[in-house]
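Order of the sequence lines fixes the chain letters, A, B, ..., with proteins taken first and strands second; residue numbering starts at 1 for each chain.
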There are 2 protein chains.
Amino acid sequence: MNLTNAWNILKENGFKETSKRNQILELFANDERYLTARDLLDVMQKDYPSMSYDTVYRNLATFVSLGILEETELSGERHFRMQCESDHHHHHFICMDCGKIKEIPVCPMDMLGAALPAYEIANHKFEIYGKCPECK
Amino acid sequence: MNLTNAWNILKENGFKETSKRNQILELFANDERYLTARDLLDVMQKDYPSMSYDTVYRNLATFVSLGILEETELSGERHFRMQCESDHHHHHFICMDCGKIKEIPVCPMDMLGAALPAYEIANHKFEIYGKCPECK
DNA sequence: TTTCTAATTAATAATGATTACGATTTACCT
DNA sequence: AGGTAAATCGTAATCATTATTAATTAGAAA
């Protein structure tokens, strides 16, 4: 996902183009790490000292619902990053030091077989945590 | 994990036997669902109206650190349940209606192969969410 | 370009989960 | 039974997140 794609999606869904929104998206476009609402706010307030949490959270929710951002829970806090470009389903390794991610091309659901008969599966989560080569 | 095992572990590590601790453990021993701190407190306060959050959280942390309870994050809240008896590594299906779990005998790490060379893997999370046959 | 209106934002308060702290009580060792 | 460290209580503080209301702004229409 890049800036242009993100704005196309936003426009298609009737969202207005604001400088705050654009800067949030730029931040994500230039950072492959997972960021928290606070991370965002801290950076944004350098350019927009009046930026408020409401704006951050509202836009994060919008972006996630439109598939522009993806979200995960790390040590009790919500983290966000730009949706991967990959067109096929995959999962992530997450570096607990620098926050960078690496795509894992496999999905455990493939080897589930008949392990859950009569169960209705809604979704699943598979993540690997550790240190990337640079941080090791 | 059952009550006796839990107390053995606690005693081995120098923890005292208190009625609060025992009731928390009994609750978990009789409930296969994941429970939140609030769930616990609500039930406990019927017998011990003076029970405080501090006691609940302190004991939950103790139990998790000793491997008596296991913990996961569900919709932004910490949830706890008795550690499984199974001796071999496994994962969980979690019913989003009733909270009951079912063990999944497979681990995605098995099919990882050389997908993460030079990465240091610390841990991983694999959970499946949906509805169990009873709730469907 | 000006005007209008709904979307967006700012400022701040409220909420809910979790943690912290000083005072009191309790388990358990001798 | 007495001493002591652990455990608990009562309550306040903290942190992330959500809600509220008033002011501002983007984009459409005149």
Side-chain angles (χ1 to χ4, degrees), chain A residues 3 6-27 34-66 68-69 71-81 99, chain B residues 3 6-27 34-66 68-69 71-81 99:
Chain A
L3 258 186
W7 275 118
N8 285 342
I9 295 173
L10 283 164
K11 288 298 180 67
E12 280 166 20
N13 290 88
F15 289 92
K16 295 182 177 175
E17 182 168 352
T18 70
S19 57
K20 312 293 169 64
R21 249 182 209 142
N22 197 53
Q23 183 159 358
I24 294 177
L25 289 172
E26 277 181 352
L27 273 174
Y34 272 104
L35 303 174
T36 64
R38 164 157 292 280
D39 291 336
L40 266 191
L41 192 64
D42 286 347
V43 179
M44 300 283 300
Q45 285 190 330
K46 288 172 188 163
D47 290 331
Y48 302 97
S50 66
M51 187 86 171
S52 77
Y53 266 119
D54 184 82
T55 302
V56 170
Y57 277 108
R58 183 168 23 75
N59 281 304
L60 286 174
T62 298
F63 298 159
V64 169
S65 74
L66 294 176
I68 294 170
L69 295 183
E71 177 183 0
T72 194
E73 182 89 28
L74 298 173
S75 55
E77 270 182 273
R78 291 164 74 192
H79 286 64
F80 303 85
R81 75 186 301 279
Chain B
L3 259 185
W7 275 120
N8 285 343
I9 296 173
L10 283 164
K11 288 301 181 62
E12 279 166 20
N13 290 87
F15 288 92
K16 295 180 177 176
E17 182 167 354
T18 71
S19 57
K20 312 293 170 64
R21 245 178 211 146
N22 197 52
Q23 182 158 359
I24 294 176
L25 289 172
E26 277 181 352
L27 273 175
Y34 273 103
L35 303 175
T36 64
R38 165 158 292 280
D39 291 336
L40 265 191
L41 192 64
D42 286 347
V43 178
M44 299 283 300
Q45 286 190 332
K46 288 172 189 163
D47 290 332
Y48 302 98
S50 66
M51 187 86 171
S52 78
Y53 268 117
D54 185 81
T55 302
V56 170
Y57 278 107
R58 183 168 22 75
N59 281 304
L60 287 175
T62 298
F63 297 159
V64 169
S65 75
L66 293 176
I68 294 170
L69 295 182
E71 177 183 0
T72 194
E73 182 88 30
L74 299 174
S75 54
E77 273 183 88
R78 292 165 72 192
H79 286 65
F80 303 85
R81 77 185 299 280

B/Glu77 or B/Ser19, whichever maps to the more 5' nucleotide of DNA chain C: B/Glu77
Expressed as a whole number of angstroms, how long is the span from [X]:[atom1] to [N]:[atom2]?
{"X": "A/Asp42", "N": "D/dA16", "atom1": "CG", "atom2": "P", "value": "10 Å"}
{"X": "B/Leu10", "N": "D/dA7", "atom1": "CG", "atom2": "P", "value": "9 Å"}
{"X": "A/Glu17", "N": "D/dA26", "atom1": "CD", "atom2": "P", "value": "10 Å"}
{"X": "B/Met51", "N": "C/dT25", "atom1": "CE", "atom2": "P", "value": "18 Å"}
{"X": "B/His79", "N": "C/dT18", "atom1": "NE2", "atom2": "P", "value": "9 Å"}
{"X": "A/Arg21", "N": "D/dG27", "atom1": "CZ", "atom2": "C1'", "value": "13 Å"}
{"X": "A/Asn22", "N": "C/dT8", "atom1": "CG", "atom2": "P", "value": "14 Å"}
{"X": "A/Glu73", "N": "D/dA16", "atom1": "CD", "atom2": "P", "value": "12 Å"}

Counting only side-chain nitrogens and oxygens, does [X] get under 4.0 Å of the OP1 or OP2 atom of [N]?
{"X": "A/Ser50", "N": "C/dA10", "result": "yes"}
{"X": "B/Thr18", "N": "C/dA27", "result": "no"}
{"X": "B/Arg58", "N": "D/dT8", "result": "yes"}
{"X": "A/Tyr57", "N": "D/dT18", "result": "no"}
{"X": "A/Lys20", "N": "D/dT25", "result": "no"}
{"X": "B/Arg38", "N": "C/dA17", "result": "yes"}
{"X": "A/Arg78", "N": "D/dT18", "result": "yes"}

Could you work out which one of [options] sits closest to the side chain of [X]?
{"X": "B/Asp54", "options": "C/dA20, C/dT9, C/dA27", "result": "C/dA20"}
{"X": "A/Ser52", "options": "C/dA6, D/dT8, C/dA10", "result": "C/dA10"}
{"X": "B/Lys16", "options": "D/dT8, D/dG27, D/dA6", "result": "D/dA6"}

Side chain to side chain donor-acceptor pair (under 3.5 Å) partners of B/Lys11, counting only residues at least two apart: B/Glu17
Straight-line distance of B/Thr72 OG1 to B/Tyr34 OH, nearest 0.5 Å: 5.0 Å
B/Asn13 CG to B/Ile68 CD1 distance, which is reported to the nearest 0.5 Å: 8.0 Å
Sidechain-backbone polar pair: B/Arg21 side chain, B/Lys16 backbone, donor-acceptor under 3.5 Å: yes
Between A/Asp39 and A/Thr36: side-chain donor-acceptor atoms closer than 3.5 Å: yes
